[in-house]
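First the structure, in the form of structure tokens, and then the observations on it.
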Amino acid sequence: MSRFWKPGAEKPRLLEDEEGGVLFFSASPLSSSSSGYGRTNIEMLRQRLPVYKYRTAILYLVETHATTIIVGETGSGKTTQIPQFLKEAGWADEGRVIACTQPRRLAVQSVASRVAEEMDVKLGEEVGYTIRFEDITNNDLTRIKFLTDGVLLREMMDDPLLSKYSVIMVDEAHERSLSTDILLGLLKKVPILLDNALNTIVYLTLCLTMLSTQIQRRRPDLRLIISSATIEARSMADFFVSRTRRSQGPEKEENIPVTEPAILSVEGRGFNVEIFYVEEPVSDYLQKAVSTVLSIHDQEPGGDILVFLTGQDDIDAAVQLLTEESQHGRQKGLMVLPLYSGLSRADQELVFSPTPRGKRKVVISTNIAETSLTLEGIVYVVDSGFSKQRFYNPISDIENLVIVPISKASARQRAGRAGRIRPGKCYRLYTEEYFLKEMSAVGIPEIQRSNLVSAVIQLKALGIDNVLGFDWPASPSSEAMIRALEVLYSLGVLDDDAKLTSPEGFQVAEIPLDPMISKMILASNQLGCSEEVITIAAFLSIQSIWYTAKGAEKELDETKLRFAAAEGDHVTFLNVYKGFLQSNKSSKWCHNNFINYHAMKKALEVREQLRRTAQRLGIALKSCDDDMQVVRKAVTAGFFANACRLEAYSHNGMYKTVRTSQEVYIHPSSVLFRVNPKWVVYNSLVSTDRQYMRNVISIDPSWLREAAPHFYQYQQPNPLAR
DNA sequence: GAGCACTGC
């Protein structure tokens, strides 16, 4: 009766929910220690993974259910094994493809090459991957494809039914990235009882179930697998009770999968981690983190320590305190290393080097070690209980970085980092009572903390007209939504009916950048400076190209002057780009000029992708040579909403924004700092004790009305007449 | 005269 499930002998043992809708599989180990004769080492290793003993159950559930949720800790092998199980069972026959999404590029690459190795095939043939800038797949050959969720979202723009896939596995679903939430909202088309606050994964499941239900009329073979590290039992149960009451019972027709999701729990391979809490709340977590590390070093047997703090300043301070203690105090044998994304590649790699004999490694890290990087050899974790998060204020239109308490889910993830090689210990710098009673279960999803301009334009491009009524997994504020619509309207991307304009709106949606940058590129077409503006767009879309040279700030500033342009930072980028090309893209040249070589390489990659996109959109690639006026006009066409005027009698360089009359200042890292031209537009604001404009270019105010007559006519009557 | 959690197309 089943087409794909090929059970060798026994049917998996399943426990049915009382009301018959949901299947829970009880983890009864099947024989996994069968003889390894005749098998390769790789196959034996595969069989030792915890997920292997669920193979039959997983295939059975996927065969009979539109959606299967797999809850499992890291180390269970689900990411590498499940796609292979599916392929072995025939889900990739007849030219169909099994897809598996990941939130991060690095994970996509490493998982894909691991699976290719296990299957003994060449990466890019039977097993391939797609991330931005890299499509290592072959249309005729690739049967298992790994990709970032952002890439899947882009693919949906061309193929909303995702018709080439037989199974889509969404991995790491608990992370709730912006892309995941957009994807989920898109998939949820049928209004359904979602009145009570639901667990994320249940919601996610529901959305994907509905997607498959919709598509199943045409393609009854599409299956969805959601894999997540966390699930909350109570809201899950509540949800399914209300679902089963209303449903008519599972469908019994052959080959039609039941729509209620199946849930399977797979144990991980991590070791136990013992948790310790402080008895009294601590007032200074930095100091407490340092003293906790010292007492671990003093009292506990060997094993490396990972400390979670919030940001670069805290981390550098902690590193210094511990290093001093290690060199001058009684604490010998500590090797203290910082870890955050702003470090150079070489410094980041230090934390992966083996710990020297007789030493104990202490890594002081931001959240980067919570999910993005995995350190081996960690036995002790010290968790400050805080992290930095981005918050967007739609009223002021400013994004801020704020130190906030972490969620229980994060706390568990951090603790788990201690149990990878043997049983570990986690020291939480907060009380148990706080953890139990006050800490929220999960963090605030990214969609509720972000500027929505990009999200809204993606929805519009996918034909969702009513974005205000759009049903998100977690709704963003209406202020944020309205702000995004206003910005897109002022850019000429949306018309009076809030529909994408043609061709401009569709073109902006096609370019994978912030819409203001995309608009700037479109404007460069008429102005004849697309080559220069595309270069600027690439530089604006990566993090700083300058090295943060601690202790050498003065040298950095002096070096920058070699490239500084009177027009501003955007033109300065063009000078850096020229210099880099003249050096034959030399890493040494970068080093001598305080420029981050890897950032430069990335900028060049983005630039190449943008040139291809521009050509596809019919933008002529043209250089304006040395005419920087047209370049500045193009920047103004995208960023007119960020126009600022120097206050007439300001002695300290105070500007006011044209739109809201907010006080802003040019950031000291800008080449226009202390130059203070009368009119400028900025790329972004950073908010500390003051609002600082980053990446600033001087403009002529008459260009503003030229670029956005509507904006300056209606939003701010006569702003230029002062 | 000063500061940047982390992803992604």
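These figures come from a predicted structure and were not determined experimentally. Below, chain A is the first sequence line, B the second, and so on; all start at residue 1.
Across all strands, Ile131(A) comes closer than 4.0 Å only to sugar-phosphate atoms, never to a base (heavy-atom distances). Within 4.0 Å (heavy atoms only), Arg104(A) reaches sugar-phosphate atoms of the nucleic acid but no base atom. Within the 4.0 angstrom heavy-atom criterion, base atoms lie near Gln543(A). Heavy atoms of Leu401(A) sit under 4.0 angstrom from at least one base atom. Ser177(A) comes within contact range of no nucleotide atom at all, as no heavy-atom separation falls under 4.0 Å.
Taking only side-chain atoms of Thr148(A), from C-beta outward, the nucleotide of dA2(B), dG8(B), dT7(B) with the closest atom is dG8(B). Taking every side-chain heavy atom of Ser372(A) into account, dT7(B) is the closest of dT7(B), dA2(B), dC4(B). Side-chain proximity of Arg105(A) to the nucleotides dG8(B), dA2(B), dC6(B) is greatest for dG8(B). Of the candidates dG3(B), dC9(B), dC6(B), dG3(B) carries the atom nearest the His667(A) side chain, counting heavy atoms from C-beta on. With dA5(B), dA2(B), dG1(B) as the choices, the nucleotide that has an atom nearest any side-chain atom of Tyr692(A) turns out to be dA2(B). Comparing dG1(B), dC9(B), dC4(B) against the side chain of Asp557(A) picks out dG1(B) as the nearest. Residue Lys388(A) places its side chain closer to dC4(B) than to any other of dG8(B), dC6(B), dC4(B).
Contact check on Arg420(A) versus Glu376(A) returns a salt bridge, with a Lys/Arg side-chain nitrogen under 4.0 Å from an Asp/Glu carboxylate oxygen.
One atom, CD of Gln389(A), and another, P of dC4(B), lie 15 Å apart when rounded to the nearest Å. We find that CE of Met157(A) is positioned 9 Å from C1' of dC9(B), with the value rounded to whole Å. The CG-P distance, from Leu672(A) to dG1(B), rounds to 17 Å in whole Å. When rounded to the nearest whole Å, the span between CD of Gln413(A) and P of dT7(B) equals 14 Å. Here dC4(B) presents its C1' atom at 15 Å from CD of Gln691(A), a figure rounded to the nearest Å. For the pair Asn367(A) CG and dT7(B) P, the interatomic distance rounds to 10 Å; values are reported in whole Å. Atom-to-atom, CZ of Arg154(A) to P of dT7(B) comes out at 20 Å; the value is rounded to the nearest Å. At whole-Å resolution of the value, CD in Glu510(A) and C1' in dC9(B) are 11 Å apart.
Of the N and O atoms on the side chains of Arg607(A) and Thr535(A), at least one donor lies less than 3.5 Å from an acceptor on the other residue. Asn593(A) and Thr559(A) share no donor-acceptor pair across their side chains, judged by distance under 3.5 Å alone. For the 3.5 Å distance criterion, the side chains of Thr310(A) and Lys388(A) fail to qualify, holding no donor opposite an acceptor.
In this structure, Tyr665(A) has its ring center no closer than 6.0 Å to that of Tyr655(A).
Anti is the glycosidic conformation of dC6(B), whose angle departs from 0 by more than 90°.
The phosphate of dA2(B) has neither OP1 nor OP2 within less than 4.0 Å of any side-chain N or O from Ser669(A). One finds no side-chain N or O of Ser179(A) lying less than 4.0 angstrom from the OP1 or OP2 phosphate oxygen of dT7(B).
For the pair Lys408(A) and Phe435(A), the cation-pi criterion (under 6.0 Å, within 45° of the ring axis) is fulfilled.
Along DNA chain B, the nucleotide nearest to Leu513(A) and the one nearest to Leu339(A) differ in position, and the one closer to the 5' end is contacted by Leu339(A).
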